[in-house]
Amino acid sequence: MKQIAIFASGAGSNAEKIIDHFTAPLPDEKRSVRVALIVSNNPEAGVLKIAKANNIPVQIIEKEKFFRGNAYVDELRSADINFIVLAGFLWKIPSALIKAFPEKIINIHPALLPKYGGKGMYGQHVHEAVIANKEKESGITIHYVDELYDHGKILFQAQCPVYETDSAAILANRIHVLEHKHYSTVIEKILSD
Ligand code: GAR
């Protein structure tokens with residue numbers, strides 16, 4: 001059984017889609033992936049309500065222990081986690097966690113990396129920058145996580161148009177549609193390889 005932990009800091013719409021995908025009715029012998037833990041740095045995050053509604057355990061993490069302690073590796077191991085999915089998680093992943101889960105951590109970024117990545121490039125900031133630069137196209141990137149922001153090997157990208165009349169909020173919605181369509185199936189594929 002592959003046991004996923006989803007790390008999220010905000011609303012958790014991607015987390016919800018992934019949970020729905022892996023709890024959809026299936027014969028027992030075909031079920032091989034389970035969302036076993038939701039991890040958040042934000043005790044007010046919407047994702048925690050989604051975890052509760054789906055009876056998924058939650059781990060709230062603290063900065064000191066995450067960045068200067070064991071990075072919650074022991075807790076993740078005790079929960080039998082063997083794959084980590086970042087879905088709108090805003091803290092950088094410390095090297096202790098990357099070393100404990102090599103090529104087992106992926107992220108979704110709301111733009112076409114390598115453009116519009118790096119520190120400070122998250123959520124609305126990404127869409128504002130794309131619009132300010134008058135890009136005709138944006139999209140999503142799913143990639144392995146390494147020790148640099150938005151840098152690891154790219155696993156999947158999908159594109160969408162950017163229109164002159166777009167606001168950051170409108171573009172964010174278009175990007176969310178793409179994320180919801182693809183993230184679960186890309187995770188499923190990686191875990192089955
Ligand atoms: C998503 O669009 C995700 O790509 C982005 O945050 C949003 C979270 O939405 N992540 C980043 O910007 C990371 N750099 P959600 O909480 O509704 O899933």
Side-chain angles (χ1 to χ4, degrees), residues 4-23 35 37-54 56 58-61 66-67 83-94 97-98 105-133 135 137-162 166-188 190:
I4 301 179
I6 301 179
F7 284 44
S9 303
S13 71
N14 279 286
E16 186 166 35
K17 288 286 168 191
I18 296 164
I19 294 165
D20 289 351
H21 182 87
F22 290 112
T23 50
V35 178
L37 187 67
I38 299 292
V39 176
S40 187
N41 59 309
N42 175 7
E44 307 297 324
V47 71
L48 301 180
K49 287 201 186 78
I50 295 167
K52 192 161 183 224
N54 287 278
I56 300 175
V58 162
Q59 172 78 61
I60 301 289
I61 60 174
F66 193 55
F67 292 108
F83 197 75
I84 295 175
V85 170
L86 310 186
F89 183 68
L90 299 185
W91 284 359
K92 196 159 183 281
I93 299 298
L97 192 50
I98 293 168
I105 310 179
I106 63 168
N107 179 44
I108 192 161
H109 186 76
L112 295 172
L113 293 174
K115 286 172 100 175
Y116 304 105
K119 195 166 168 26
M121 276 292 170
Y122 60 88
Q124 296 290 107
H125 301 291
V126 176
H127 308 308
E128 281 160 10
V130 166
I131 289 168
N133 282 345
E135 297 283 358
E137 186 180 70
S138 190
I140 63 169
T141 304
I142 298 171
H143 63 94
Y144 280 124
V145 172
D146 68 11
E147 302 193 16
L148 302 175
Y149 268 115
D150 303 322
H151 178 266
K153 182 180 162 203
I154 292 176
L155 298 161
F156 177 88
Q157 291 188 306
Q159 291 75 21
C160 66
V162 180
D166 277 349
S167 62
I170 286 173
L171 180 55
N173 283 338
R174 198 174 300 125
I175 295 283
H176 262 124
V177 171
L178 274 187
E179 294 184 325
H180 297 165
K181 179 169 176 204
H182 294 291
Y183 206 9
S184 305
T185 47
V186 171
I187 294 166
E188 186 158 35
I190 294 166

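We count ligands from 1, going down the list as the structure has it; atoms in each ligand are counted the same way. By convention here, the first residue in the shown sequence is residue 1.
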Item to check | Phe67 ring center near Trp91 ring center (under 6.0 Å) | outcome: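 Yes, they do, as the ring centres are separated by less than 6.0 Å.
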Item to check | Shortest reach to atom 16 (O) of ligand 1 by a heavy atom, considering only Gly120, Gly12, Gly10 | outcome: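 Among Gly120, Gly12, Gly10, the closest heavy atom to atom 16 (O) of ligand 1 belongs to Gly12.
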Considering heavy atoms of the protein only, find what lies nearest to [atom] and give residue, atom and distance to 0.1 Å.
| atom | value |
| --- | --- |
| atom 11 (C) of ligand 1 | Pro110 CD, 3.6 Å |
| atom 12 (O) of ligand 1 | Gly123 N, 2.9 Å |
| atom 9 (O) of ligand 1 | His176 NE2, 3.1 Å |

Non-hydrogen atom of [X] closer than 4.0 Å to ligand 1:
| X | answer |
| --- | --- |
| Met121 | yes |
| Ile108 | yes |
| Ala8 | no |

Next on the checklist: I'd like to know if the side chain of Tyr116 pairs up with that of Asn133 as donor and acceptor (distance under 3.5 Å, no hydrogens or angles considered).
Outcome noted: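 Yes, Asn133 and Tyr116 have a side-chain donor paired with an acceptor closer than 3.5 Å.
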Checklist entry - Short N/O distance, under 3.5 Å, between Ser13 and ligand 1? => result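 Indeed, backbone or side chain, Ser13 has an N or O that close.
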Checklist entry - Counting both backbone and side chain atoms, is some N or O of Asp150 under 3.5 Å from an N or O of ligand 1? => result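 No - when backbone and side-chain N and O of Asp150 are compared with those of ligand 1, no distance drops under 3.5 Å.
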Next on the checklist: With heavy-atom distances below 4.5 Å as the criterion, would you say the side chains of Ile6 and Ile18 are in contact?
Outcome noted: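 When only atoms from C-beta onward are counted, Ile18 and Ile6 do touch, with a gap below 4.5 Å.
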Checklist entry - Can you list the atoms of ligand 1 that are under 4.0 Å from a heavy atom of Glu179? => result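 It comes down to these atoms of ligand 1: 1 (C), 2 (O), 3 (C), 4 (O).
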Item to check | Atom indices of ligand 1, in the order listed, that fall short of 4.0 Å to a heavy atom of Gly88 | outcome: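 Listed by number with element: 6 (O), 8 (C), 10 (N).
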Checklist entry - Counting only N and O atoms by type, is there a donor-acceptor contact under 3.5 Å from the side chain of Ser138 to the main-chain atoms of Val162? => result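 No.
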Checklist entry - Is there a donor-acceptor pair closer than 3.5 Å between any side-chain N or O of Lys181 and the backbone N or O of His176? => result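 Side chain of Lys181 to backbone of His176: no pair is present.
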Checklist entry - Is Glu147 salt-bridged to Lys92, going by a charged N under 4.0 Å from an acidic O? => result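 No, no charged N to carboxylate O under 4.0 Å.
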Checklist entry - Does a side-chain N-to-carboxylate-O contact under 4.0 Å join Arg174 and Asp166? => result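 Yes, this pair counts.
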Checklist entry - Picking from Gln159, Gln157, His182, what satisfies side-chain contact (heavy atoms from CB on, under 4.5 Å) with Ile140? => result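 Going through Gln159, Gln157, His182 one by one, the side-chain contact (heavy atoms from CB on, under 4.5 Å) with Ile140 is satisfied by His182 alone.
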